[in-house]
Amino acid sequence: MQDTAAAITPDVVASHGLKPDEYQRLLEILGREPSFTELGIFSVMWSEHCSYKSSRVWLKTLPTTGKQVIQGPGENAGIVDLGDGDCAVFKMESHNHPSYIEPYQGAATGVGGIMRDVFTMGARPVANLNALRFGAPEHHKTRHLVDGVVSGIGGYGNCVGVPTVGGEVNFDAGYNNNILVNAMCVGLARTDKIFYSAAKGVGLPVVYVGSKTGRDGIHGATMASAEFDDKSDEKRPTVQVGDPFTEKLLIEACLELMAMDVIIAIQDMGAAGLTSSTSEMADKGEVGIELNLDHVPQREEGMTAYEMMLSESQERMLMILKPGSEPKAEAIFVKWGLDFAVIGKTTDTGRMIITHKGKVEADLPVPVLANSAPMYERPWVATVPPQPILPEWVPAPNAVLGALTSLMGSPALCSRRWIWQQYDHMVMGDTIGRPGGDAAVVRIHGTIKGLAATCDVTPRYVAADPAMGTKQAVVETWRNLIAVGADPLAITDNMNFANPERPEIMGQFVGSCQGMAEACKALDYPVVSGNVSLYNETNGVGIPPTPAIGGVGLIPDTSKIADIALKREGDLLLVIGDERGWLGQSLYQQMVAGKLEGAPPPVDLQDEIKAGRLVRSLIREGAVSAVHDLSDGGLLVGLAEMALSGDMGIELYPYTGKLPAHAIWFGEDQGRYILSVTPQRAEEVLERARLLELPARIVGRAGGQSITLKGESELALANLRSAHEAWLPGYMSAPHTN
Amino acid sequence: MLRASVIVFPGSNCDRDVKVAIEKVTGFPVKMVWHGDAEVPASDLIVLPGGFSYGDYLRCGAMAAHSPIMRDVIAKAKAGTPVLGICNGFQVLCESGLLPGVLMRNASLKFICRDVHLKCEQDKTFFTQCYRRDQVIKVPVAHAEGNFFADTETLDRLEGEGQVAFRYCDADGNVSAATNLNGAQRNIAGVTDKTGRILGMMPHPERLFETALGGTDGRRIFESALVSVTAAMA
């Protein structure tokens, strides 16, 4: 495939991931047959991964603006205003396919790539998060993949020295042959020091910095846009290899250079490497670009133009500098031990001309290259959501606290400590809210302000009802930010779906976009960046639809925040929000009935806003000593998490209402929070909820070292803790059976 | 007055953290010194920070131990300038021969980041005089290679001469196999040289020096240094 003289046969076209009609389109656009290098260039630019050809028409329907938004989708990352000249730069991106093939490197380079997207805009990365989905625990590859992915994320982030502060993990048979690794990075910049990628100006030096180019990752973007089959292991050479040490040096060198006034444009070389970065920079700057590949720093001998243009070697950046500033810039990169090479210049021809060893290997019109990818309005059929089920249809447990112990020790709800203890979550010295809470809190260095960040989605809700499930995902991130005392600002989305050429899958995607748009609009919580990962399927079986949402919020004063740990003996525990005993699609239903049925819990956006505002006010007034939003597992699981976190027991008050008690304890109704307040303030809080027409009641009292419920045997915290902490380490250290 | 210098190696990533901690605890500005420099400015304290110097390639701390600045660090340490090595800095101190022993891969083979309890076994040295002997403190660790190893003779000598500064213990100060975080010989988390003026420790005192971060037990390392320097000047 690397033979530049190779004839372009239909097989060669197909091996580049181009459909026959797409190749026909290319012939028409060029008016001639492409060179082999040009075919490679177009194949990556037109890949689903780079072109968003199936998703773009729907992504355009998402709300992306607001007074807090400085930069919406379309740049390397989104940017929101934090006041005082500070801004947050963030994005989430998938590295699913590489992580399944080579879990350590796949996950590591996912982390590296997303950090480059953030610091390329002038931001210092300050927090990493990740959303991980693995197959069923009993699947023979799962443990190997968990181990590799977690080590890879830690290995990269720990070395670079950016804290990994949050994330989420699911196990589900639907991901057996296609795991999801979504990495999110949040950075901090000054609003007057933001860098963009438009190469504006003619005759400017094009500068390559960072690692040398090798043969790794060639066609990574194309691989990431294809389904898997039994031969996917053969694609291992398309996975890139990460070097976090170089990334650390690259961050420091770039930020040092950015402090001077010499960079006109900068872009990381991510998917589709040199091809994508040069064409995007030139297109945005409305210029042409000439590259001489002889000057590209190379790690291997005898690389062809095709290989250099398509390599996805990591830790590389492309910059357009002010003329004459090269020596100053070079000195910085030399100091940090990084390659620095002028490899071309901008022109007024509007063409991208690639020469190598004196020969023109590609000569293409930039606007065509950057904007001519096919756009598909793929046919879709909406998912028909199931009817709601009644709480009575799901059987009661023999013992409520026994069911709680089982849930808390299950793969879905057990402690993730084994994972996040492998991540350095404290480096940089500003981690105030550590992993294990509703949202991570990182102080804005040198100030009293803080950033809150979280990522969430409940795929079983999305599978049942893509619109409602995605609305729920957006709202859950919003609630998690509220629960630590933050003002939710904006989201990044990572849309992981199966093959969009199947109308039912496209229908999931469309429904998901609709639900997201509705929630974002109502909450003034726009989408500022994101990533779409399609074709997540193997041998025709797709993953559950998984639109992972990453939310970012601002904390004006980090002395006024909340966490989930119970702290005061004698505090009353209040639940705020409507309780309908919603067991459809709940973890409890899955555990006792062995299946998921019915509609997922509905979201009422207006009630969410009312409850959220009240809870945030109470946090800032110092009226609550602990707060937890309710999600997976419902009320009793939420209470148990608070008890374990604070190492303090709870006396539960028996439920005396009309619904089945187990539906109250385990129902997954939305829009709810638990608050820990003193008895003196409880009545006031209940009254304030009543004024907003929000249901609220007292469900228990903090104290002791066990969870007690009248008529049930006492559940010692120590026993609950063992159940909660045991599963993951036990699973990971069990002897191999296959 | 405290003149502290933090050495910055390529790949150091706790350099800023320790600078901030020293400045906030002592009130005196800290100098950052590039690894490629030939000389450390006149200092009352030199800090080798945590991180992944040279990517931890070859062996943790091995390449940093041979970087240009280390010649002067070693010379100044031998002439009596106090040196604190935290995490990767401890590894550099061992690799450069300023402290005995070596830090191997954790027994679990995993990176471990969490708060741990330490028993202070010194209360008279440059870095520890503000702690009480046998005081139990809480300080975080974050490392994959913190498993301290030395031969029995060396370990006996370290214990005999009071050079063990910290051991991993539980909240009540019990030192046992169950509290041995990473497989370290005799639960050792930090050691000093014979003079007590060179301290290497795996835990990160700079990460718990203020309440907002979850604790203040790490402060006393820096307070001790300030008190020691001030006393010496008086």
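Note on naming: letters A, B, ... go to the chains in the order of the sequence lines (proteins, then strands), and numbering restarts at 1 for each one.
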Chain B contact via [X] - side chain, backbone, both or neither, heavy atoms under 4.5 Å:
| X | result |
| --- | --- |
| A:Ile432 | both |
| A:Asp243 | both |
| A:Val160 | backbone |
| A:Arg443 | side chain |

Name the region of [X], side chain, backbone, both or neither, that has any atom closer than 4.5 Å to a heavy atom of chain A.
| X | answer |
| --- | --- |
| B:Asn13 | both |
| B:Ser12 | backbone |
| B:Glu210 | side chain |
| B:Phe209 | neither |

Row check, A:Trp336 ring normal vs A:Lys248 NZ/CZ: under 6.0 Å, within 45°
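Cation-pi check for A:Lys248 and A:Trp336: fails.
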Distance under 6.0 Å and angle within 45° of the ring axis: does A:Arg143 meet both against A:Tyr731?
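The answer is yes; both the distance and angle limits are met.
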Closer than 4.0 angstrom, basic N to acidic O: yes or no for B:Arg16 and A:Asp430?
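Looking at A:Asp430 together with B:Arg16, the answer is yes, because their closest N to O distance falls below 4.0 Å.
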For the atom pair SG (B:Cys113) and NE2 (A:His425), what is the distance rounded to the nearest 0.5 Å?
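So the gap between those two atoms works out to 4.0 Å.
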Exercise: do B:Tyr168 and B:Asn182 side chains pair donor with acceptor under 3.5 Å
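The criterion, which ignores hydrogens and geometry beyond distance, is satisfied for B:Asn182 and B:Tyr168.
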So for atom NZ, which belongs to A:Lys449, do other residues, nucleotides or ligands contribute more than 12 heavy atoms lying within a distance under 6.0 Å?
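Result for NZ/A:Lys449: enclosed.
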